[in-house]
K.L.:
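Pasting in a structure now, in structure tokens, and then I'll have a few things to ask.
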Amino acid sequence: MAYNEKLAARIREALVALYPIEEKEMMGGLSFLYKGKMCVGIIKDEMMCRIDPAIHDEVTEKPGCRTMDFTGRPMKGWIMVAPEAIKTGKDLGYWIGLAVQWNAKAKSSSKKKKK
């Protein structure tokens, strides 16, 4: 798995109060699920956040933030945050806060039932 382990440790520390957090290796990185829903993740050295699509355009104007296009198509409500935008704990907390806030309203992805 090629993702930033130091960033993973920082995210774990920031999410510790939200027990239980589930971690899954996926999409070539690491994802953190809260209440069964993907909340934040890491792909290489960038943090991925699932945010409210209503604030997506505003948020992506901030330095170091861009729309996630991991699949080759832009995904509204999913952002990538560059390392320079999460240098401090306060910066990291801002982005995680947006993701946790949306998590309460976000729908779970439908899981396919095993037969």
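In this text, all values refer to a predicted model and were calculated from it rather than measured experimentally.
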K.L.:
Please report the interatomic distance OH(Tyr3) to CD(Glu25), rounded to the nearest 0.5 Å.
P.N.:
4.5 Å
K.L.:
Determine whether a donor-acceptor pair (N or O, by modelled atom type, separation under 3.5 Å) exists between the side chain of Asn4 and the backbone of Leu7.
P.N.:
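Looks like yes, one N/O pair under 3.5 Å.
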K.L.:
Could you tell me the separation between the CD1 atom of Ile21 and the OH atom of Tyr34, rounded to the nearest 0.5 Å?
P.N.:
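Answer for the CD1-OH pair, Ile21 versus Tyr34, is 6.5 Å.
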K.L.:
Hey, could you give me each pair passing side chain to side chain donor-acceptor pair (under 3.5 Å) that has a residue in residues 77-87? Not counting sequence neighbours.
P.N.:
none
K.L.:
So Asp52 and Lys105, do their side chains get closer than 4.5 Å, heavy atoms only?
P.N.:
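Sidechains of Asp52 and Lys105: in contact.
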K.L.:
Do any N or O atoms from the side chain of Trp95 and from the backbone of Ala85 form a donor-acceptor pair under 3.5 angstrom?
P.N.:
yes
K.L.:
Roughly how far, to the nearest 0.5 Å, is the CE atom of Met38 from the NZ atom of Lys24?
P.N.:
8.5 Å
K.L.:
Of all heavy-atom pairs between Thr60 and Arg66, which one has the smallest distance, and what is that distance?
P.N.:
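Heavy atoms of Thr60 and Arg66 come nearest at CG2-C, 4.0 Å.
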K.L.:
Are the side chains of Ile79 and Val59 in contact, using a 4.5 Å heavy-atom criterion?
P.N.:
yes
K.L.:
Determine the minimum heavy-atom distance between Leu15 and Val40, stating which atoms define it.
P.N.:
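Result for this residue pair: CD1-CG2, 4.0 Å.
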K.L.:
What verdict does the side-chain contact (heavy atoms from CB on, under 4.5 Å) test give for Leu30 and Glu23, after you've listed the backbone C-alpha separation in whole Å, the side-chain angles of each residue and the deciding distance to 0.1 Å?
P.N.:
CA-CA 7 Å; Leu30 181 66; Glu23 292 184 29; 3.7 Å; yes
K.L.:
Can you list the residues that meet the side-chain contact (heavy atoms from CB on, under 4.5 Å) rule with Lys35, with sequence neighbours excluded?
P.N.:
Lys37, Asn103
K.L.:
Who are the salt bridge (charged side-chain N to carboxylate O under 4.0 Å, His left out) partners of Asp45, not counting sequence neighbours?
P.N.:
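Scan of Asp45 (salt bridge (charged side-chain N to carboxylate O under 4.0 Å, His left out), adjacent residues dropped) gives none.
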K.L.:
Do you know which two heavy atoms are closest between Ala99 and Cys39, and how far apart they sit?
P.N.:
CB-O, 3.5 Å
K.L.:
Is Trp102 reachable from Leu18 through a run of I, L, V, M, F, W or Y residues, each pair having side-chain heavy atoms under 4.5 Å apart?
P.N.:
no
K.L.:
Considering residues at least two apart in sequence or located in another chain, which fulfil the side-chain contact (heavy atoms from CB on, under 4.5 Å) criterion with Lys90?
P.N.:
Thr88
K.L.:
With sequence neighbours left out, what residues match Gln101 under side-chain contact (heavy atoms from CB on, under 4.5 Å)?
P.N.:
Leu98
K.L.:
When rounded to the nearest 0.5 angstrom, what distance separates CZ in Arg12 from CZ in Phe32?
P.N.:
5.0 Å
K.L.:
Ile11 and Gly41: which non-hydrogen atoms are nearest, and at how many Å?
P.N.:
CD1-O, 4.5 Å
K.L.:
Minimum heavy-atom separation for Met48 and Ser31, please, with both atom names.
P.N.:
CE-OG, 4.1 Å
K.L.:
Taking atom NZ of Lys6 and atom CD1 of Ile42, what is their separation to the nearest 0.5 Å?
P.N.:
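Those atoms lie 13.0 Å apart.
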K.L.:
Can you sort out the partners of Lys76 under side-chain contact (heavy atoms from CB on, under 4.5 Å), two or more places apart, ordered by chain and number?
P.N.:
Pro53, His56, Asp57
K.L.:
Got a second to check how far Met47's CE is from Cys65's SG, nearest 0.5 Å?
P.N.:
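So the CE of Met47 and the SG of Cys65 are separated by 9.0 Å.
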